[in-house]
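In what follows, a single structure is set out as structure tokens and then discussed.
Note: hydrogens, waters and symmetry copies are ignored here, and every other heavy atom, side chains too, is used.
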Amino acid sequence: MLDFLRDGGPLMVVIILLSIAGLSVVLERGYYFYKNEKHNGEILINHLEKFVKNGEKVRAIEVCDCFKNTSSKVMKTILMEYSSEKMNCCTYDYLEEKARECALRELPKLEKNMWILAIAANVTPLVGLLGTVTGMIGAFTSMSQHGAGDPTVLASGISQALVTTASGLIVAVPSLIFYNFYQKKIEKAMIDMEKNVVEFINIIRKM
């Protein structure tokens, strides 16, 4: 393993650092989504509809605290506004604006550290390509100085070129897969939130 890293040259340090950063984000985001976005929004709406229709707004707010996903946080904001005295002089458009405001506050939490994963996915192939170029330059420089009769003259430069290219792709491919996977999770969380907001405000409106 150490020989493999040594053959890759100094650019392997950059690739290793990017792989550590990317893996850290993959694990952190995986834990975040498992902990906070695993609950079903339809179940939340069913609970809220039951409690709101029975006039149990406090119980409805407690349900939101139990679910701990993006939809529940936005629903809690709507309930807090709906339960306040201000609602007597506010419209349902106001509730939608407050929901949108809360959603914008929650979005950075969903997208946290995703830029690091994007860098790992996009930069490591370029670092690997740079290693390929520098390795080939070194190989041809050695050949020009010592001639082409000895294959070991080319071996070091070609080895660096192949190792950095392979390492860059090994890091970039899973990073890109997880980046797109988490982007879909973020998109789904926001779409579910918007759908739940509209459904819940319509329930309130009908009452």
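Partners of F33 by ring-ring contact (aromatic ring centres under 6.0 Å, His included), not counting sequence neighbours, listed by chain and number: Y182. Applying the salt bridge (Lys or Arg N to Asp or Glu O under 4.0 Å) rule to E37 yields no partners; only residues at least two apart in sequence or on another chain are considered. Residues that satisfy the salt bridge (Lys or Arg N to Asp or Glu O under 4.0 Å) test with K35, not counting sequence neighbours, are absent from this structure.
Here the CD1-CG distance, from I15 to L11, works out to 6.5 Å after rounding to the nearest 0.5 Å. Taking CD from E199 and CD1 from I204, the interatomic distance works out to 11.5 Å, rounded to the nearest 0.5 Å. Atom CE of M190 is separated from atom CD of E187 by 10.5 Å, given to the nearest 0.5 angstrom. Expressed to the nearest 0.5 Å, how far CD of E28 lies from CE of M114 amounts to 10.5 Å. Interatomic distance, F67 CZ to L44 CG, rounded to the nearest 0.5 Å: 5.0 Å. A distance of 11.5 Å separates CD of E194 from CD of E96, quoted to the nearest 0.5 Å.
Looking at V74, L95, L48 one by one, the single match for side chain to side chain contact (heavy atoms under 4.5 Å, CB included) with F200 turns out to be L48.
Side-chain N or O atoms of N113 include none that pairs as donor or acceptor with a backbone N or O of I116 at under 3.5 Å.
Listed by first then second residue, pairs satisfying salt bridge (charged side-chain N to carboxylate O under 4.0 Å, His left out) with a partner in residues 9-26 number zero, not counting sequence neighbours. Sequence neighbours left out, not one pair with a member in residues 107-134 passes ring-ring contact (aromatic ring centres under 6.0 Å, His included). Evaluation of the salt bridge (charged side-chain N to carboxylate O under 4.0 Å, His left out) test over residues 108-129, restricted to residues two or more places apart or in two chains, returns E106-K109.
One finds a salt bridge joining R105 and E101 here, because a Lys/Arg side-chain nitrogen approaches an Asp/Glu carboxylate oxygen to under 4.0 Å.
Across A121 and T124, no two heavy atoms sit closer than the pair O-OG1, 4.2 Å. Considering all non-hydrogen atoms of both residues, G22 and A120 come closest at CA-CB, 4.1 Å. Of all the heavy atoms in G131 and T134, the pair that sits closest is O-OG1, 3.0 Å. Of all non-hydrogen atoms in A103 and M193, the two that sit nearest each other are CB-CE, 3.3 Å. The heavy-atom pair separating T165 from G128 by the smallest distance is OG1-O, 3.7 Å.
With hydrophobic clusters built from ILVMFWY side chains whose heavy atoms lie under 4.5 angstrom apart, M75 shares a cluster with F51. Residues V123 and L176 do not share a hydrophobic cluster, defined by chaining ILVMFWY side chains whose heavy atoms lie under 4.5 Å apart. L129 and L18 sit in two unconnected hydrophobic clusters of ILVMFWY residues. Membership requires side-chain heavy atoms under 4.5 Å apart, directly or through other members. Both Y32 and V25 belong to a common hydrophobic cluster when Ile, Leu, Val, Met, Phe, Trp and Tyr are linked at side-chain heavy-atom distances under 4.5 angstrom. Hydrophobic clustering (ILVMFWY, side-chain heavy atoms < 4.5 Å, transitive): L162 and L169 are in distinct clusters.
Taking the side chain as every heavy atom from C-beta outward, L79 and V52 approach each other to under 4.5 Å.
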Could you go through the side chain to side chain contact (heavy atoms under 4.5 Å, CB included) check for I203 and I45 one step at a time? CA-CA 9 Å; I203 290 171; I45 290 294; 3.9 Å; yes
So R100 and V197, side chain to side chain contact (heavy atoms under 4.5 Å, CB included) or not? Walk me through it. CA-CA 9 Å; R100 190 174 295 110; V197 165; over 6 Å; no
Using side chain to side chain contact (heavy atoms under 4.5 Å, CB included), reason through S167 and V127 one step at a time and then give a plain yes or no. CA-CA 9 Å; S167 300; V127 175; over 6 Å; no
Decide yes or no on side chain to side chain contact (heavy atoms under 4.5 Å, CB included) for I186 and L110, but give the supporting numbers first. CA-CA 6 Å; I186 294 170; L110 293 171; 4.1 Å; yes
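A donor atom on one side chain and an acceptor atom on the other are found under 3.5 Å apart for N196 and S71.
In the displayed structure, K195 atom NZ is contacted under 6.0 Å by more than 12 heavy atoms of other residues, nucleotides or ligands.
Between F178 and F181, the ring planes are perpendicular. Angles over 60° get that label, and only those under 30° would be called parallel.
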